[in-house]
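Inspection log for the structure reproduced underneath, given as structure tokens.
All figures in this text were calculated on a predicted structure; none of them were measured in a lab.
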Amino acid sequence: MATVKSIAAAVGVSPSVVSAVLHGSKHVRVSESTRERVQRAVDEAGYVPNHAARALRLQRTGVLAMVLPKLENPVYHRLVDGIYDAADAHGYSVLLGDGTRVTSGSLMLQRLVGGGQVDGTLIRPASTMSPGLLAEIRAGGAPIVILDGISERDHWVAVQDELGAHVATRHLIDKGHERIAYLGQTRHQQERVDGYRRALREAGLPTPGAYVIHSQQGTHDGYEAFPTLLALDPRPTAVVVNNSTTAVGVLAAASDAGLTMPDDLAMIGYHEISIAADLRPSLTTLEMPLYELGRVGVELMHAALAGEPVASRRITAPLPRVIERQSTA
């Protein structure tokens with residue numbers, strides 16, 4: 001049976017070099033050619049790392065917790081994919097936690113992060129989460145990586161929300177729209193509002209305060225907010241909705257009101273969702289790099305657990321991208 005030592009002997013390197021290649025460690029400097037030779041030897045030998053033994057040796061569980069506001073939200077699909085792929089590459093298992101159930105003081109929270117059962121927590125904060133949740137997770141002492149937010153206390157990785165909203169708004173401007181509204185969460189997503197306003201300002205278009213309509217992010221919230229949008233005078237010809245699940249509700253409300261998209265109202269939803277192409281009219285969306293957000297979040301966590309420097313940052317590639325469909329075409 002192949003071992004780290006036997007692979008090292010076959011390649012002519014030390015066992016620490018083989019271990020560094022297998023676990024992606026940056027503590028040991030390895031040239032690209034040596035890395036390729038080691039990986040080839042590992043593949044030929046059919047060697048599978050014993051992550052359980054390694055976790056025991058390092059006094060770790062090999063489990064990461066992931067807490068998202070609502071697991072059923074289709075927006076998080078690509079984010080979760082990125083987390084799973086990176087976790088698998090580093091030998092971690094992922095324990096899911098729904099922010100609506102993992103509340104401050106709950107048994108669910110104690111089981112999730114108490115007693116050293118996880119090595120660290122990846123969390124996507126939201127206004128709907130319990131106010132004391134993050135503080136209780138911090139109290140557990142394990143590393144935390146904030147997903148899609150900036151933190152002065154924890155490691156974090158975020159997308160370029162200001163740029164994303166600017167790109168979405170610019171798409172509507174390029175379609176000839178001059179009265180463009182914004183609908184969605186505003187208090188906790190100010191960067192998106194800023195990007196929307198910057199695009200209008202650069203185009204020399206008005207930015208009336210009434211055109212920024214606050215709404216929560218569920219489908220029903222979009223439906224309920226639509227009458228406010230409809231009552232604006234003059235009525236907007238287009239709207240940026242800062243969450244595509246909210247946009248689904250707006251789409252339904254517009255249909256019930258007898259409006260046709262994009263003739264009466266054009267709309268773009270923030271974040272790509274799998275059902276966007278199947279709606280009628282199909283929904284134009286802004287695709288943000290959520291897969292990369294999840295993948296880099298795990299990479300930061302892995303570095304923190306390895307005692308390496310952690311560079312919190314924004315995801316700069318790929319850039320936000322409009323997927324044009326019938327709601328603006």
Side-chain angles (χ1 to χ4, degrees), residues 22-26 49 51-52 54-55 58 60-102 108-109 111-113 116-126 128-129 133-134 137-138 140 142-151 153-161 164 217 243-245 270-274 285-306 308 310-318 320-321:
L22 288 171
H23 303 297
S25 174
K26 297 178 182 178
H51 293 298
R54 180 171 179 263
L58 297 174
R60 294 184 194 153
T61 64
V63 178
L64 302 179
M66 172 173 58
V67 180
L68 301 177
K70 288 185 178 180
L71 293 179
E72 71 269 20
N73 189 333
V75 164
Y76 297 130
H77 173 71
R78 292 295 289 158
L79 172 67
V80 172
D81 280 350
I83 289 173
Y84 274 137
D85 286 351
D88 184 60
H90 288 294
Y92 296 111
S93 298
V94 179
L95 188 61
L96 289 172
D98 191 314
T100 60
R101 295 179 177 273
V102 183
M108 183 77 74
L109 175 63
R111 290 171 183 157
L112 188 65
V113 300
Q117 296 183 56
V118 299
D119 295 332
T121 301
L122 300 130
I123 182 168
R124 169 49 167 91
T128 54
M129 285 186 174
L133 177 62
L134 192 53
I137 295 176
R138 285 192 186 112
I144 293 174
V145 174
I146 302 295
L147 300 172
D148 204 14
I150 297 174
S151 172
R153 298 185 57 180
D154 308 300
H155 308 307
W156 59 269
V157 57
V159 296
Q160 300 184 86
D161 268 335
Q217 296 193 4
N243 188 292
S244 288
T245 54
Y270 202 96
H271 289 312
E272 167 70 344
I273 55 176
S274 58
T285 61
L286 180 80
E287 184 178 58
M288 296 294 286
L290 294 190
Y291 178 89
E292 289 73 17
L293 182 72
R295 182 185 60 77
V296 172
V298 174
E299 296 294 342
L300 297 187
M301 178 64 73
H302 181 67
L305 291 171
E308 299 172 354
V310 179
S312 295
R313 61 188 183 273
R314 290 185 186 272
I315 303 296
T316 57
R321 179 175 73 101

How far apart are the closest heavy atoms of A87 and V94, and which atoms are they?
CB-CG2, 3.6 Å

Do NZ/NE/NH1/NH2 and the carboxylate oxygens of R138 and D154 come within less than 4.0 Å?
yes

Quick one: does any side-chain atom of S151 pair with a main-chain N or O of R153 as donor and acceptor, under 3.5 Å?
yes

Hey, what do you get for CE (M288) to NE2 (H271), rounding to the nearest 0.5 Å?
6.5 Å

dist I146:CD1 -> I123:CD1 (nearest 0.5 Å) comes out at 6.0 Å

I'd like to check V159 versus E292 (side-chain heavy atoms, cut-off strictly below 4.5 Å). Are they in contact?
no

What's the shortest heavy-atom distance between L286 and G164, and which atoms?
CD2-O, 3.1 Å

If we only count heavy atoms from C-beta on, is the V63 to Q117 side-chain gap below 4.5 Å?
no

Can you tell me how far apart CZ (R313) and CG (L300) are? Round to the nearest 0.5 Å.
5.0 Å

Roughly how far, to the nearest 0.5 Å, is the OH atom of Y92 from the CE atom of M66?
15.0 Å

State, to 0.1 Å, how close W156 and S312 come at their nearest heavy-atom pair, and which atoms those are.
N-OG, 2.9 Å

Start with the C-alpha distance between D161 and D148, add both sets of side-chain angles, then the distance that settles side-chain contact (heavy atoms from CB on, under 4.5 Å), and finish with yes or no.
CA-CA 9 Å; D161 268 335; D148 204 14; 3.9 Å; yes

Taking all non-hydrogen atoms of both residues, which atom of A158 and which atom of G149 are closest, and how far apart?
CB-N, 3.8 Å

Go through the steps for E299 and V157 under the test side-chain contact (heavy atoms from CB on, under 4.5 Å), then give the verdict.
CA-CA 10 Å; E299 296 294 342; V157 57; over 6 Å; no

Say whether, by atom type as modelled, one donor and one acceptor occur between the side chain of S244 and the main chain of Y270 under 3.5 angstrom.
yes

Candidate pair L305 and L64, rule side-chain contact (heavy atoms from CB on, under 4.5 Å), full reasoning
CA-CA 11 Å; L305 291 171; L64 302 179; 4.1 Å; yes

Between CG on residue L96 and CG on residue L68, distance to nearest 0.5 Å
7.5 Å

Gap between atom CG of N73 and atom CD of Q217 - 0.5 Å precision:
7.5 Å

Show, in sequence, the C-alpha distance, side-chain angles and deciding distance for E272 and H77, and conclude whether the side-chain hydrogen bond (donor to acceptor under 3.5 Å, both in side chains) test is met.
CA-CA 10 Å; E272 167 70 344; H77 173 71; over 6 Å; no

Could you walk me through whether L290 and V75 pass side-chain contact (heavy atoms from CB on, under 4.5 Å), step by step?
CA-CA 9 Å; L290 294 190; V75 164; 3.9 Å; yes

If you take all heavy atoms of P143 and M301, which pair is closest and at what distance?
O-CE, 3.5 Å

Heavy-atom closest pair (G62 atom, D119 atom, distance to 0.1 Å) is N-OD2, 2.8 Å

